[in-house]
Amino acid sequence: QVQLVESGGGLVQAEGSLRLSCASSGRSFSRANIGWFRQAPGKERQFAAAITWNGGSTYYADSVKGRFTISRDNAKNTVYLQMNSLKPEDTAVYYCAAAWRLFSSSDYYTREYLYDYWGQGTQVTVSS
């Protein structure tokens with residue numbers, strides 16, 4: 001059984017910063033590819049960022065590229081999402097997800113149905 005727990009969400013003003021954490025227990029977290037997805041009110045859940053199991057590659061949605069940075073510390077079983085220059089349109093529930101399968105293309109990291117386990121989400125609200 002794998003548990004993913006997100007934390008670090010909250011209310012922040014536009015242009016502010018937050019750092020989200022995704023902590024895991026159980027199965028070998030260090031071998032999992034991790035994705036961050038977000039769901040804004042009334043919208044479908046969308047890909048935000050992903051990192052390979054060894055941290056060697058990272059991927060970002062165009063909407064967050066240059067503002068968000070994903071990283072991981074496998075010794076702490078934790079993945080981080082540093083969010084800078086936040087905008088009101090970044091307001092959403094942010095979820096982390098884990099996948100142990102190998103992705104042969106960067107496009108696969110954006111597909112939520114390929115992830116095996118999900119956290120419960122953390123709310124991020126950006127005020128204008």
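Note that these values count all heavy atoms, side chains included, but never hydrogens, waters or copies made by symmetry.
Hydrophobic clustering, defined by side-chain heavy atoms of Ile, Leu, Val, Met, Phe, Trp and Tyr closer than 4.5 Å, leaves V5 isolated from every other such residue.
In this structure, the separation between SG on C96 and CD1 on I70 is 9.0 Å, given to the nearest 0.5 Å. Rounding to the nearest 0.5 angstrom, the gap separating the CD atom in E6 from the SG atom in C22 is 5.5 Å. Atom OG of residue S127 and atom CG of residue L11 lie 5.0 Å apart, to the nearest 0.5 angstrom. Taken from OG in S85 to CZ in R67, the straight-line distance is 7.0 Å, to the nearest 0.5 Å.
Judged by the 6.0 Å and 45° rule, R19 forms a cation-pi pair with Y80. Seen from the ring of W53, R72 does not count as a face-on cation partner, given the 6.0 Å and 45° thresholds.
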L18 vs L86, side chain to side chain contact (heavy atoms under 4.5 Å, CB included): CA-CA, chis, key distance, verdict: CA-CA 8 Å; L18 283 174; L86 283 162; 4.2 Å; yes
So L114 and R101, side chain to side chain contact (heavy atoms under 4.5 Å, CB included) or not? Walk me through it. CA-CA 8 Å; L114 293 178; R101 68 195 71 201; 3.8 Å; yes
Starting from the C-alpha separation in whole Å, work towards a yes-or-no answer on side chain to side chain contact (heavy atoms under 4.5 Å, CB included) for R45 and Y94. CA-CA 9 Å; R45 190 158 55 186; Y94 284 71; over 6 Å; no
Would S17 and Q82 count as a side chain to side chain contact (heavy atoms under 4.5 Å, CB included) here? Give the steps. CA-CA 7 Å; S17 298; Q82 177 68 43; 4.0 Å; yes
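Between the side chain of W100 and the backbone N or O of S28, at least one donor-acceptor pair lies under 3.5 Å. Side chain of T78 to backbone of K76: a donor-acceptor contact under 3.5 angstrom is found.
Closest heavy-atom contact between K43 and Q39: O-NE2, 3.1 Å. When every heavy atom of A14 is checked against every heavy atom of S128, the shortest pair comes out as CB-CA, 4.3 Å.
N54 and T52 form a side-chain donor-acceptor contact under 3.5 Å, judged by distance and modelled atom types alone. The closest side-chain donor-acceptor pair between S24 and N77, if any, does not fall under 3.5 angstrom.
Residues V79 and F29 have side chains in contact (heavy-atom distance under 4.5 Å, counting atoms from C-beta outward). Using a 4.5 Å heavy-atom cutoff, the side chains of Y59 and T110 are not in contact. The shortest distance between side-chain heavy atoms of T69 and L81 does not fall below 4.5 Å. Proximity of L20 to M83: side-chain heavy atoms (C-beta onward) are separated by under 4.5 Å at one or more points. Residues V124 and T91 are not in side-chain contact: their nearest non-hydrogen atoms beyond the backbone lie 4.5 Å or more apart.
At a threshold of 4.5 Å between side-chain heavy atoms, the hydrophobic network of Ile, Leu, Val, Met, Phe, Trp and Tyr places V12 and F68 in one connected group. The hydrophobic clustering, which links ILVMFWY residues whose side-chain heavy atoms are closer than 4.5 Å, places V2 and I34 together.
Ion pairing between a basic and an acidic side chain is recognised when a charged N comes within 4.0 Å of a carboxylate O; D90 and K87 show no such pairing.
Of the options Q46, E89, R38, a side chain to side chain donor-acceptor pair (under 3.5 Å) to S63 is made by R38 and by none of the others. The ring pair (Phe, Tyr, Trp, His ring centres under 6.0 Å) test with Y109 is passed by exactly one of F47, F103, Y60, Y115: F103.
Aromatic ring centroids of Y95 and F37 lie 6.0 Å or more apart.
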